[in-house]
A.B. asks: 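One structure, as structure tokens, below. Some questions next.
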Amino acid sequence: MKIFDSKAQSLIDFVPLTAGKVGIYVCGPTVQSAPHVGHLRSAVAFDIVARWLRIGHALDVNLVRNVTDIDDKILVNASELGRDWRELAVEVENEFNGVYDALWANVSKLPHATAHIPQMIVFIERLIERGHAYLASNGTSNVYFDTASHKTYGELTNQKLENMEGEEIGGGRRAAQDFALWKSAKPGEPETAIWDSPWGKGRPGWHIECSAMTLSELGEAFDIHGGGLDLRFPHHENELAQSSAAGYGFAKHWMHNGLVTVSGTKMSKSLGNGVSVEDLFAQANAVAIRYWLASAHYRSSLDYSAIVLADAVSAVGRVLNFVRRAAEIVEVSKTELPNEFVQAMNNDFNVPEALAVLHETVRAGNTALDSDDSASVAEALSKVTRMAEVLGIDLSGNEKVTSAETAELIEGLIAKRNQARADKDYALADLVRAELTAMGVTIEDQADKTVWMWSN
RNA sequence: GGUGGAGUGGCUGAGCGGCCCAAAGCAGCAGCCUGCAAAGCUGUAAAACCACGGGUUCAAAUCCCGUCUCCACCUCCA
């Protein structure tokens, strides 16, 4: 199993720290505003990683995705809306979880920053004791990480301190690159966002929550740390600095997913070119969206367009059509994954290549269907089912709930059309079909019967 | 200025020294099937001269050098 380690900047042979088990920590959202496509891509990418390690390698995967539910932006957005920040955070988080659910991208654990404040304080104390953090010189309770004290600072992104732009020196810090571990409470901030600490009232800085939560959830050292490419610096660099300065092994490997772009430019909150989840779901169903999100290799950038989404709908439809037809005549049985599929997944999760195998199997299955070779149909169906499980393609995903009355109505129309066909009254038959189409129903005439399904 | 990534058919997107006269999907065309469709199968066009120019090699989309273009990070972001 090869994985591209973005810290080593090379492909590594993946060997779990503890035999049979894998600990993965992926940076989840800061719940400040609604999810956008980029969040979904990251979630799907790491969901596939977890699925493959579980299904393809029989590993016990502990996938942790944090929820950063205390942060400047949350406070700012809440105050702009005149709302309680905690309420906003919960609401946004629910929104995130709803989409993750819809896309089949769930995780083992969802630790919250606000539930780990004591652990963060302990962590910061430890850094101060070890000489890697200091209290601000301006009389506030700000605490900063001392980047100069940590000689490997910059190792994740291969940067030297002197080349970094840094922020303006302020807030009582010693160097531009030093970052806040603890932020002093400021006037006007809600009481509920202020915690006591050995240094005074305040709240945690941005990066410390992840270091503290990896420690609580996965221990001093764990296998993989993941997240979007845009988090490499400063967030992951700083996490790594904190945790290694604290004396912990931290992440053995790093994985970063590529970004979602629109016309070649990164989709981001600040640029305002983000495509909302509503936009996305208005154009395609969840299975197709997930397929699209996985259709480029996880390290490549993924360009968004309406066309590309429509392509995904067609491509998934092809798979789903085969499964539907095949399932009418054969059962899914136990079978091995195709070798090429396994090879592809083992090669740094090459999903596009794996999808090629999936489609080849579908074609073989369709050919078998056309030639009534039910043994081959069953084989193809079983393989497709297993591959879909690895990739998280919900094969029942296109089924819409239909009431008995609606089904009866549709079946009545189909019977009417088939009678017309038997009578060779094709004008009437086509009229009925047009009626069905208008209802959003697609029909398919098979040798001995007519089946129907909701159009995409 | 520093650090990374990318340029492959009409579109999306793999491949990263020989299995590549380049996977897979979408779109197009033709045939089969169908009353006609849909779904499906088969075949297939557009010079895919793999950004461009050199080089290494028996062999390069894949390695090296140079050039151009684009993107990301160094500020909040998956």
Side-chain angles (χ1 to χ4, degrees), chain A residues 6 9 26-30 32-33 35-46 65 71-73 76 154 156-160 162-168 177 206 226-235 237 256-261 264-271 274 291-292 295-297 299-303 305 307-319 321-322 324-325 340 344 347 350-360 362-363 365-371 420-421 424-427 429-430 433-434 437 442-447 450-453 455:
Chain A
S6 45
Q9 291 180 51
V26 179
C27 279
T30 296
Q32 46 155 309
S33 54
H36 73 250
V37 184
H39 296 108
L40 308 187
R41 152 104 119 151
S42 181
V44 168
F46 288 100
R65 180 174 61 215
D71 160 90
D72 293 19
K73 279 276 177 63
V76 169
L156 179 66
T157 51
N158 193 23
Q159 300 187 89
K160 293 190 170 67
E162 60 267 31
N163 289 331
M164 293 183 192
E165 290 170 352
E167 296 173 58
E168 247 177 79
Q177 292 82 7
W206 177 29
L229 197 56
D230 52 353
L231 291 181
R232 276 175 82 226
F233 194 94
H235 189 230
E237 188 72 75
H256 290 278
N257 64 274
L259 307 174
V260 178
T261 59
T265 302
K266 178 189 171 187
M267 194 181 280
S268 75
K269 285 175 190 168
S270 44
L271 286 175
Y291 180 97
W292 167 64
S295 66
H297 183 87
R299 284 194 281 125
S300 307
S301 58
L302 177 70
D303 203 52
S305 73
I307 298 164
V308 150
L309 215 49
D311 285 356
V313 172
S314 303
V316 166
R318 187 179 157 75
V319 177
N321 271 328
F322 164 67
R324 177 177 52 75
R325 291 206 302 159
E340 311 83 75
N347 182 23
N350 193 331
V351 173
E353 207 172 302
L355 284 172
V357 179
L358 176 73
H359 277 107
E360 279 160 6
V362 165
R363 191 180 340 106
N366 276 325
T367 304
L369 271 171
D370 284 359
S371 56
R421 289 209 300 156
K424 298 204 189 302
D425 184 355
Y426 297 122
D430 289 350
R433 185 169 59 200
T437 304
T442 300
I443 56 169
E444 185 177 305
D445 290 332
Q446 296 182 357
T450 299
V451 299
W452 69 272
M453 65 223 78
S455 316

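As the structure is a computational prediction, the values presented were derived from the model and not from experiment. Protein chains get the first letters and strands the later ones, always in sequence-line order, with residue 1 at the start of each.
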A.B. asks: Rounded to whole Å, how long is the line connecting atom CG of Asn257(A) with atom P of rC71(B)?
C.D. replies: 20 Å
A.B. asks: Considering only side-chain heavy atoms of Glu444(A), which listed nucleotide, rA38(B), rG40(B), rG4(B), is closest?
C.D. replies: rA38(B)
A.B. asks: So which atom in Val260(A) and which in Gly38(A) form the shortest heavy-atom distance, rounded to 0.1 Å?
C.D. replies: CG2-CA, 3.9 Å
A.B. asks: When you check the phosphate oxygens OP1 and OP2 of rA78(B), does a side-chain N or O of Lys266(A) lie under 4.0 Å from one of them?
C.D. replies: no
A.B. asks: Is a donor-acceptor pair below 3.5 Å formed from side chain Arg41(A) to base rA78(B), judging by atom type as modelled?
C.D. replies: no
A.B. asks: For rG54(B) versus rU42(B), give the span between their P atoms, rounded off to a whole number of Å.
C.D. replies: 42 Å
A.B. asks: Looking across every strand, which nucleic acid part, if any, lies under 4.0 Å from Val26(A) by heavy atom: base, sugar-phosphate, or nothing?
C.D. replies: nothing
A.B. asks: For Thr265(A) and Leu259(A), find the nucleotide of RNA chain B closest to each by heavy atoms; which residue's nucleotide sits nearer the 5' end?
C.D. replies: Thr265(A)
A.B. asks: Whole-Å distance between rG2(B) C1' and Glu162(A) CD?
C.D. replies: 10 Å
A.B. asks: Any side-chain donor-acceptor pair under 3.5 Å between Arg324(A) and Asn321(A)?
C.D. replies: yes
A.B. asks: Just checking, any donor-acceptor pair under 3.5 angstrom between side chains of Gln32(A) and Thr30(A)?
C.D. replies: no
A.B. asks: With the side chain of Asn163(A) defined as its heavy atoms from C-beta on, choose the nearest nucleotide among rG2(B), rA38(B), rA78(B).
C.D. replies: rG2(B)
A.B. asks: Between Arg325(A) (CZ) and rC41(B) (P), how many Å, whole number?
C.D. replies: 7 Å
A.B. asks: Check the distance between rC73(B)'s C1' and His256(A)'s NE2 and give it to me in whole angstrom.
C.D. replies: 11 Å
A.B. asks: Side chains of Arg325(A) and Asn366(A): is there a donor and an acceptor less than 3.5 Å apart?
C.D. replies: yes
A.B. asks: Taking the C1' atom in each of rA39(B) and rA23(B), what is the distance between them to the nearest angstrom?
C.D. replies: 24 Å
A.B. asks: Establish, with yes or no, whether the OP1 or OP2 oxygen of rA24(B) is under 4.0 angstrom from a side-chain nitrogen or oxygen of Arg363(A).
C.D. replies: yes
A.B. asks: Let me have a per-nucleotide readout for nucleotides 8-13 of chain B, 5' to 3', with B, S or -, counting only protein heavy atoms under 4.0 Å.
C.D. replies: ----SS
A.B. asks: How many whole angstroms separate atom CD of Glu360(A) from atom C1' of rG15(B)?
C.D. replies: 13 Å
A.B. asks: Quick one: which of rG25(B), rU42(B), rA78(B) gets closest to the side chain of Thr367(A)?
C.D. replies: rU42(B)
A.B. asks: What is the separation between atom CZ on Arg232(A) and atom P on rG2(B), rounded to the nearest whole Å?
C.D. replies: 17 Å
A.B. asks: Given atom NE2 of His359(A) and atom P of rC41(B), what is their separation to the nearest angstrom?
C.D. replies: 10 Å
A.B. asks: Write down the distance separating the C1' atoms in rG25(B) and rC70(B), rounded off to the nearest Å.
C.D. replies: 25 Å
A.B. asks: Using only side-chain N and O atoms of His39(A), determine if any of them is under 4.0 Å from OP1 or OP2 of rA78(B).
C.D. replies: yes
A.B. asks: Taking the minimum atom-to-atom distance to the side chain of Glu353(A), which one of rA72(B), rU3(B), rA14(B) wins?
C.D. replies: rA14(B)
A.B. asks: Side chain of His36(A): nearest nucleotide among rA78(B), rC26(B), rA39(B)?
C.D. replies: rA78(B)
A.B. asks: Between Tyr426(A) and Val357(A), which has a closest nucleotide on RNA chain B that is more 5'?
C.D. replies: Val357(A)
A.B. asks: For the pair made of CG in Leu355(A) and P in rA23(B), what is the distance, rounded to whole Å?
C.D. replies: 16 Å
A.B. asks: So which nucleotide from rA78(B), rA37(B), rA39(B) ends up closest to the side chain of Asn321(A)?
C.D. replies: rA39(B)
A.B. asks: Under 4.0 Å between a side-chain N/O of Asn366(A) and OP1 or OP2 of rC41(B), yes or no?
C.D. replies: yes
A.B. asks: Nearest to the side chain of Tyr291(A), which nucleotide is it out of rG25(B), rG35(B), rA23(B)?
C.D. replies: rG25(B)
A.B. asks: May I ask you to evaluate whether Asn350(A) reaches the phosphate of rG15(B), defined as a side-chain N or O under 4.0 Å from OP1 or OP2?
C.D. replies: yes
A.B. asks: My understanding is that a pair needs two contacts under 3.5 Å, Watson-Crick or G-U wobble. By that rule, which nucleotide pairs with rC68(B)?
C.D. replies: rG7(B)
